Amino acid sequence: AIESGKGIENLKMDEDKFYKAINAAIEDMLYYRVREGQALKEDFLLRIGKIENLLESIKYRLPLRREEKIKQINKKIAEINVSFDKQRMEEEILYHVERMDITEECVRLNHHINIFKETLEQEGSIGKRLQFIVQELVKETNTIGSKANDAQIAEDIIKIKEEIEKIREQVLNVE
């Protein structure tokens, strides 16, 4: 049998231990949540850095690709033994070369990368915003890939898509 006075003291001690344990668990949870957030941020920045390097490789390739395409078209024209309006042919070549131009998409992709990095520095809930930015990264990357018509750029685009996919999966863990 429990004496009434001792029971209350025991309950009080148990209650104190209980609250101390709860507070310790909450502090641990918050500590690990901050550490996990920092680890995610570092991973995002590493992957974004890889994307930036690949994008620089693509930008470097742009003028080379344009010249290669013009040479390729001129070679094919030379192989065809047909008379044609030279001015009209130059206009057509320029039209096709301009359609392949991905400069604008590269600029937009770079802009979205910068917004992503800026968002990582913000306080509060950023998960939904990061998800939206990732969608924009995917959109611009797909456009570059479809317009590029270049093997080296296509290889870089695949690598960019791999990094974006890894980011997309991890962004789902961000509030």
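In this text the structure is predicted, and so the values were computed from the model without any measurement. Computed from heavy atoms alone, side chains included, the values below leave out hydrogens, waters and symmetry copies.
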Using a strict 4.0 Å threshold on nitrogen-to-oxygen distance, state whether Lys59 and Glu56 make a salt bridge. yes
Side chains of Gln72 and Lys75: donor-acceptor distance under 3.5 Å anywhere? no
To the nearest 0.5 Å, what is the distance between OH on Tyr60 and CG on Leu55? 15.5 Å
Do Glu162 and Lys159 sit within salt-bridge range, that is, some charged N less than 4.0 Å from a carboxylate O? no
Spell out, as yes or no, whether a donor-acceptor pair under 3.5 Å connects the side chain of Lys147 to the backbone of Asp101. yes
Whether over 12 other heavy atoms sit under 6.0 Å from Glu175 CD: no
Walk me through whether Ile133 and Ile113 qualify under side chain to side chain contact (heavy atoms under 4.5 Å, CB included). CA-CA 8 Å; Ile133 297 167; Ile113 287 169; over 6 Å; no
Would a 4.5 Å heavy-atom cut-off, applied to side chains only, mark Ile167 and Ile51 as touching? yes
Run the side chain to side chain contact (heavy atoms under 4.5 Å, CB included) check on Gln38 and Arg35 step by step: do they pass? CA-CA 5 Å; Gln38 188 61 38; Arg35 282 191 53 191; 5.7 Å; no
Minimal heavy-atom distance between Val171 and Gly127, with the atoms involved, is CG1-O, 3.7 Å
If the test is side-chain contact (heavy atoms from CB on, under 4.5 Å), which one of Asn114, Leu137, Ile58 qualifies with Leu109? Leu137
Here the pair of heavy atoms bringing Ser57 nearest to Asp156 is OG-OD2, 3.0 Å
Would you please test Arg47 and Ile164 for side chain to side chain contact (heavy atoms under 4.5 Å, CB included) and show each step? CA-CA 8 Å; Arg47 295 186 188 290; Ile164 291 173; over 6 Å; no
For atom CD of Gln87, decide whether the heavy atoms of other residues, nucleotides or ligands shown that lie under 6.0 angstrom number more than 12. no
Spell out, yes or no, whether Leu45 and Val134 are grouped together once hydrophobic residues are joined by side-chain heavy atoms under 4.5 Å, including indirect joins. yes
Using 4.0 Å as the upper bound for N to carboxylate O, is an ion pair formed by Arg65 and Glu68? no
Does one hydrophobic cluster hold both Ile158 and Val138, with members joined at side-chain heavy-atom distances below 4.5 Å? no
CD1-CZ distance between Ile126 and Phe116, expressed to the nearest 0.5 angstrom: 7.5 Å
Hey, mind stepping through Ile48 and Leu120 against side chain to side chain contact (heavy atoms under 4.5 Å, CB included) and telling me if it holds? CA-CA 11 Å; Ile48 286 292; Leu120 287 177; 5.8 Å; no
Within this structure, what is the OG1-NE2 distance for the pair Thr119 and His112, rounded to the nearest 0.5 Å? 11.5 Å
Please find the pair of heavy atoms, one from Leu62 and one from Cys106, that lie closest to each other, and give the distance. CD1-SG, 4.5 Å
Given the rule that I, L, V, M, F, W and Y join up when any side-chain heavy atoms are under 4.5 Å apart, are Ile22 and Met29 in one cluster? yes
Salt bridge present between Asp16 and Lys20 (N-O < 4.0 angstrom): no
Verify same cluster id: Ile153, Leu64 (apolar side-chain graph, 4.5 Å): no
Verify salt bridge (Lys or Arg N to Asp or Glu O under 4.0 Å) between Glu104 and Arg108, making sure each step is shown before the conclusion. CA-CA 6 Å; Glu104 188 177 324; Arg108 281 197 303 264; 2.6 Å; yes
So if you build clusters from Ile, Leu, Val, Met, Phe, Trp, Tyr with side-chain heavy-atom gaps below 4.5 Å, do Ile26 and Tyr19 land together? yes
Interatomic distance, CG@Leu40 vs CG@Leu130, rounded to 0.5 Å, equals 10.0 Å
Backbone N or O of Ala39 within a donor-acceptor pair of the Asp43 side chain at under 3.5 Å? no
Value for OG1 (Thr143) from CD1 (Ile102), rounded to nearest 0.5 Å, stands at 10.5 Å
Does atom NZ of Lys41 have more than 12 heavy-atom neighbours from other groups under 6.0 Å away? yes
Given side chains that start at C-beta, do those of Ile115 and Arg129 come closer than 4.5 Å, heavy atoms only? yes
Between the CD1 atom in Ile157 and the CD atom in Gln152, the distance rounded to the nearest 0.5 Å is 11.0 Å
Arg168/Glu165 under salt bridge (Lys or Arg N to Asp or Glu O under 4.0 Å): CA gap, chis, key distance, verdict: CA-CA 5 Å; Arg168 188 189 66 75; Glu165 181 58 24; 2.5 Å; yes
Using 4.0 Å as the upper bound for N to carboxylate O, is an ion pair formed by Lys117 and Glu52? yes
